[in-house]
Amino acid sequence: MTREHALAAALIGWLAGATATAADVAAARAECEREFRPTYAQSGKDVIWIPTPETLAARMLKMADVRPADLVVDLGSGDGKIAIAAARDFRARARGIEYDARMVRLAQCYATAERVDSRVEFVRGDIFALDFDDASVVTMYLLPELTMRLRPRLAQLRPGTRIVSNAYHLGDWGADETVRIPVGTAYLWIVPAQAAGQWRLAGPDGTEYGLSIAQAHQRVTAKLAAPGAATPLDAEGRLRGVELELGARSGPRWSLEAAVNGDRLQGTLKFAGRSIPVTGTRLASR
């Protein structure tokens, strides 16, 4: 029997026993480290290993509002801390992607020690080559240039996907939320739907409105062409995933709250003292 198989057998035997105490978990994790124990700032592919503090990892997952239905994908998962915490403390499914095979084995062993191996997996691979489009939450602690290199892929994830980064931001894609605590800073983004373009909105009585939207990440500006308005009415707002909110910048007061789904939107237009249910269709660009 190889050492790896012996360790697996010992852990399986432990898991079959009574409810684990903190001491049991610590002992099992220590057994995982007999083969390999990472060292602070050890070199890896494109990075060095700097572990995220426990309190910041917990805050990142809380910022992302992780729930049992989520799949959390940690990019550059190291010893598996964030993925394991997502499964252990939030009951989510989780996947870690890590290039160093030793770290992958250690993280998987830790997951077994923490009794979450049924909900978390670790994959050896390059974060720029492997697919993670199925994630509902993405976490990362990467160097600034790697974070920015990932930005185009992150922006193409499903609208509503939550992205949390330790320490480094995404340039002019401003964070939806920033948290600073003594041990570090975390940033949250919610991938916005693509709402830019020309829209035709229709009310229940057949009245139509024209809506032109310009978009820079989650920030939007808009012009509403409405019956009775001599000129288009300006507005500004933002997208939070698929949820669009617009409000007048000046002139007559109006607002729109709607959900964007591809080339359709549905919501409520408040205009001229009325709340009007509207359905919108994006017009084909010429």
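Positions are given from 1, in the same order as the sequence printed here.
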Student: So which pairs with a foot in residues 80-106 pass ring pair (Phe, Tyr, Trp, His ring centres under 6.0 Å), sequence neighbours left out?
Tutor: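 Listed by first then second residue: nothing to list.
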Student: Rounded to the nearest 0.5 Å, how far apart are CZ of Arg95 and CD of Glu121?
Tutor: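 Interatomic distance, Arg95 CZ to Glu121 CD, rounded to 0.5 Å: 5.5 Å.
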Student: Report yes if the side chains of Ile213 and Leu244 come closer than 4.5 Å at any heavy-atom pair, otherwise no.
Tutor: yes
Student: Quick one: ring pair (Phe, Tyr, Trp, His ring centres under 6.0 Å) pairs with a partner in residues 216-241, sequence neighbours left out?
Tutor: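 Counting only pairs at least two positions apart or across chains, the ring pair (Phe, Tyr, Trp, His ring centres under 6.0 Å) contacts touching residues 216-241 are Trp173-His217.
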Student: Report yes or no: do Val47 and Trp49 belong to one cluster of Ile/Leu/Val/Met/Phe/Trp/Tyr joined by side chain heavy-atom distances under 4.5 Å?
Tutor: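 Shared cluster, no.
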Student: Side chains of Cys109 and Asp117, heavy atoms from C-beta outward: is any pair under 4.5 Å?
Tutor: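 Counting from C-beta outward, Cys109 and Asp117 never come under 4.5 Å.
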Student: Within a strict 4.5 Å, meaning less than it, do heavy atoms of the Tyr187 and Met63 side chains meet?
Tutor: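 Contact flag for Tyr187/Met63 side chains = no.
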Student: I'd like to know if the side chain of Arg282 and the backbone of Gly262 have a donor-acceptor N/O pair within less than 3.5 Å.
Tutor: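 The answer is yes, because a donor-acceptor pair under 3.5 Å joins these two groups.
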Student: Please check if the side chain of Gln215 supplies one atom and the backbone of Val220 the other of a donor-acceptor pair under 3.5 Å.
Tutor: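 Flag not set: sc Gln215 to bb Val220 has no pair under 3.5 Å.
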Student: Please report the interatomic distance CG(Leu256) to CD1(Ile276), rounded to the nearest 0.5 Å.
Tutor: 10.5 Å
Student: Strictly distance-based, threshold 3.5 Å: is any side-chain N or O of Asp70 a donor or acceptor partner for the main-chain N or O of Val72?
Tutor: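 Flag not set: sc Asp70 to bb Val72 has no pair under 3.5 Å.
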Student: Check whether any side-chain heavy atom of Val191 lies under 4.5 Å from a side-chain heavy atom of Ile163, and answer yes or no.
Tutor: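 SC-SC contact between Val191 and Ile163 confirmed.
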Student: State, with a plain yes or no, whether a side-chain heavy atom of Leu170 is found less than 4.5 Å away from one of Ser165.
Tutor: no
Student: Just by distance, do the side chain of Thr21 and the backbone of Asp24 share a donor-acceptor pair under 3.5 Å?
Tutor: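 Checked: pair present.
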Student: Can you tell me which residue among Leu265, Thr281, Thr279 is in a side-chain contact (heavy atoms from CB on, under 4.5 Å) with Leu201?
Tutor: Leu265
Student: Hey, which of Leu269, Leu246, Val278 is the one that makes side-chain contact (heavy atoms from CB on, under 4.5 Å) with Leu211?
Tutor: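 Looking at Leu269, Leu246, Val278, the match for Leu211 under the side-chain contact (heavy atoms from CB on, under 4.5 Å) is Leu246.
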Student: For Phe122, is there any backbone N or O sitting under 3.5 Å from a side-chain donor or acceptor partner on Gln108?
Tutor: yes
Student: Could you tell me whether Arg59 atom CZ has more than 12 heavy atoms of other residues or ligands within 6.0 Å of it?
Tutor: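 Counting neighbours around CZ of Arg59, 12 or fewer heavy atoms of other residues, nucleotides or ligands fall under 6.0 Å, so no.
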Student: Could you check if a side-chain atom of Glu33 sits within less than 4.5 angstrom of a side-chain atom of Tyr110, using non-hydrogen atoms only?
Tutor: yes
Student: Count the heavy atoms belonging to other residues, nucleotides or ligands that lie under 6.0 Å from CG of Asn261, then report whether that count exceeds 12.
Tutor: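 Incorrect, the count does not exceed 12.
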Student: Cluster question for you: counting only ILVMFWY and a side-chain heavy-atom cut-off of under 4.5 Å, with indirect links fine, are Ile190 and Leu239 together?
Tutor: no
Student: Could you tell me whether a side-chain N or O of Thr221 sits under 3.5 Å from a main-chain N or O of Glu236, the two making a donor and an acceptor?
Tutor: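 Absent.
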Student: Could you tell me whether the side chain of Asn166 reaches within less than 4.5 Å of the side chain of Leu56, counting heavy atoms only?
Tutor: yes
Student: With a 4.5 Å limit on heavy-atom distance, are the side chains of Tyr209 and Trp199 in contact?
Tutor: no
Student: How about CZ on Arg151, more than 12 heavy atoms from neighbouring residues, nucleotides or ligands closer than 6.0 Å, or not?
Tutor: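 Atom CZ in Arg151 is crowded, with more than 12 foreign heavy atoms closer than 6.0 Å.
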Student: Is the backbone N or O of Pro159 less than 3.5 Å from a side-chain atom of Gln194, with the two atoms forming a donor-acceptor pair by type?
Tutor: no
Student: So, taking the atom named CD1 in Ile48 and the one named CG in Leu143, what distance separates them when rounded to the nearest 0.5 Å?
Tutor: 7.5 Å
Student: May I ask you to say whether Asp176 pairs ionically with Arg238, meaning some side-chain N is under 4.0 Å from a carboxylate O?
Tutor: yes
Student: Could you give the distance from CZ (Arg37) to CZ (Arg102), rounded to the nearest 0.5 Å?
Tutor: 14.5 Å
Student: Salt-bridge test for Arg29 and Glu114: reply yes if a basic N is under 4.0 Å from a carboxylate O, no otherwise.
Tutor: yes
Student: Please check if the number of heavy atoms outside Arg153 that lie under 6.0 Å from its CZ is greater than 12.
Tutor: yes
Student: Would you call Lys81 and Asp79 a salt bridge, taking side-chain N to carboxylate O under 4.0 Å as the test?
Tutor: no
Student: Do the side chain of Gln42 and the main chain of Thr39 share a donor and acceptor less than 3.5 angstrom apart?
Tutor: yes
Student: Could you work out, with side-chain hydrogen bond (donor to acceptor under 3.5 Å, both in side chains) as the rule, every residue matching Arg67, not counting sequence neighbours?
Tutor: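 With sequence neighbours excluded, Arg67 shows a side-chain hydrogen bond (donor to acceptor under 3.5 Å, both in side chains) to Asp65, given in chain and number order.
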Student: Check whether more than 12 heavy atoms from other residues, nucleotides or ligands sit under 6.0 Å from atom CZ of Arg249, and answer yes or no.
Tutor: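 Yes, the 6.0 Å shell around CZ holds more than 12 heavy atoms from other groups.
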Student: Can you tell me how far the CD1 atom of Ile82 sits from the CD atom of Glu54, to the nearest 0.5 Å?
Tutor: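 Reported value, rounded in 0.5 Å steps: 9.5 Å.
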